[in-house]
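Worksheet: the structure to be examined is printed underneath.
By convention here, the first residue in the shown sequence is residue 1.
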Amino acid sequence: MRTWGPLTAVCLGTFMLLLDVTIAVVALPDMARALHASLSDLQWVIDGYALALAALLLGVGAAADILGRRRVHVAGVVLFAVASLLCGLASGPGMLVAARGLQGVGAAAMFATTLPLLGSVYQGRQRSTALGVWGAVSGGAAAVGPVLGGLLTEGPGWRWIFFVNLPVSVASVWLTLRVVPESRGPRGMRIDWAGTVAFACFAGATTYGVVRAGADGWTSGAVTGSFGTAALALAAFVLVERRVAHPLLDLSLLRKPAFVGVMAGALAFNGVAFGVIPYLSIWMQTVLGMSPVRGGLTLLPLTGATMVVAILAGKLLHGARLTIGGGLLLVGSGAFCQAVLDAGTSWTVLVPGLVLVGVGTGLVSPAIAGAALAAVPPERAGMAGGAVNTVRQLGYALGVAVFGTVLTSRMQDTLSHDAAHTLAGGGAGALRGPLSEHALRAAFASGLDSASVAAGVTGMVAGALVLVLVRTPRAVTDTAEAPAKRATASRA
């Protein structure tokens, strides 16, 4: 228990919070039917969680250094459990979205404290082993999410994808309080609340503007107002970070090309690799008629390839530039290969593209945090680790929003505005009769093709930026203890 107890406690929380990033994807059609949710509601079910997680990671990590990492971690698990209960009891889309946002707040407290807690408990070879297990658990959560979500949705119902968190949360709290010692950061630190609020406003307003653009158009008052608010919040964030004694992000790091390249790659990565998947799930279930379980199983080519390549890449490949840049190019290529749908195709034509995305993800995911750490001085390791995880989650939230807007815009070439949004939101059943089956299949396929092309272009551009900017010839997956010590300093 002394050896494995703290690792088990931390990994329970990590598995749960990362599982909830993907577990809801295959349940979206059932949620839409049960709660009469619109497309934008479904987007916020996904984005509300990812956005809260991204917006608060850095700020909560700094707070944990002062208040106590174990204390903040346990508070995060409790909040996550309460929010999960509210998600499962949701009587309408508004309540579900709000509860998902609350889940994200709890997840930020959990995620920001995982690596610092492990770093305070394990040393030397045990630390390297603990980090390896934690990384495997993190990757496994994303792989298990769609399959477990499908089983629960088709079995006891979609609400159980949230109820299942309750016993896991109880076990995590009990084990953490029993075996994980309290730890804190250096004395004299202060929480950058102004920077946290400014960044949260920037991320939230940007995502809201993109989601609204899909329904109202890019020139509508709500959209332009959201983007204006985002610009002001970003300017405020820059001003705050330049003046505060303990900033969330040291802006001087942005003068390092390697750090900028890694951040650009991280921002694009999660969105390109996973941002179209919610719409693929809706297409498979509501248009092709698949069950939730089968819809989850169709993603196994992606998740299986990710896990296999991640294991091999960690042992065989070194060097951030080629691993991350090449991986993003593969992810982009895989997205292009998925743009092959038409009214008569089935999901099997996606397999080559899903495998390519999985291979690229397996290269990028284990390497990108280490690359951020290698691009900055050792004393900025925690900040760099938190930043890379923040932009990854923000990239996912923006990817879901942007590709959803692309999807519905292309659908409107052949369908009305309302019909396009109904179809993309899982309402194909309501449109059968007024519209032919061929028209529905053709419209959804064309929308998915356009979203995949947009994802492919984004992945290719991000990969090229990494290859140009990341020139540091330092190994990302070094087995020496020094990089491991730097990695454990990360708040996220």
Looking only at heavy atoms, what is the nearest atom pair of [X] and [Y], with distance?
X      : Y      : answer
Leu407 : Leu448 : CD1-N, 3.4 Å
His246 : Asp192 : O-CB, 3.7 Å
Val240 : Gly195 : CG1-N, 3.6 Å
Ala462 : Ala268 : CB-CB, 3.4 Å
Ala266 : Val388 : CB-CG2, 3.7 Å
Trp218 : Val223 : O-CG1, 3.5 Å

Can you find a pair of side-chain heavy atoms, one from [X] and one from [Y], that are under 4.5 Å apart?
X      : Y      : result
Leu102 : Tyr49  : no
Phe336 : Leu356 : no
Asn165 : Gln103 : yes
Gln338 : Val357 : yes
Val364 : Leu328 : yes
Thr390 : Phe199 : yes
Val309 : Leu363 : yes
Leu117 : Ser183 : yes

Within the side chain of [X], is there an N or O that forms a donor-acceptor pair under 3.5 Å with the backbone of [Y]?
X      : Y      : value
Thr298 : Gly295 : yes
Thr206 : Ala203 : no
Ser365 : Thr361 : no
Asn270 : Gln393 : no
Ser281 : Ile277 : no

Original post:
Just checking, is any N or O donor in the side chain of Ser450 or Arg410 under 3.5 Å from an acceptor N or O on the other one?
Top reply: yes
Original post:
Is the Phe237-Phe202 ring centre distance short of 6.0 angstrom?
Top reply: no
Original post:
In Å, rounded to the nearest 0.5 Å, how long is the span from CH2 of Trp347 to CG of Leu299?
Top reply: 9.0 Å
**OP:** For Arg70, enumerate each residue passing the salt bridge (Lys or Arg N to Asp or Glu O under 4.0 Å) test, keeping only those at least two apart in sequence or located in another chain.
**Re:** none
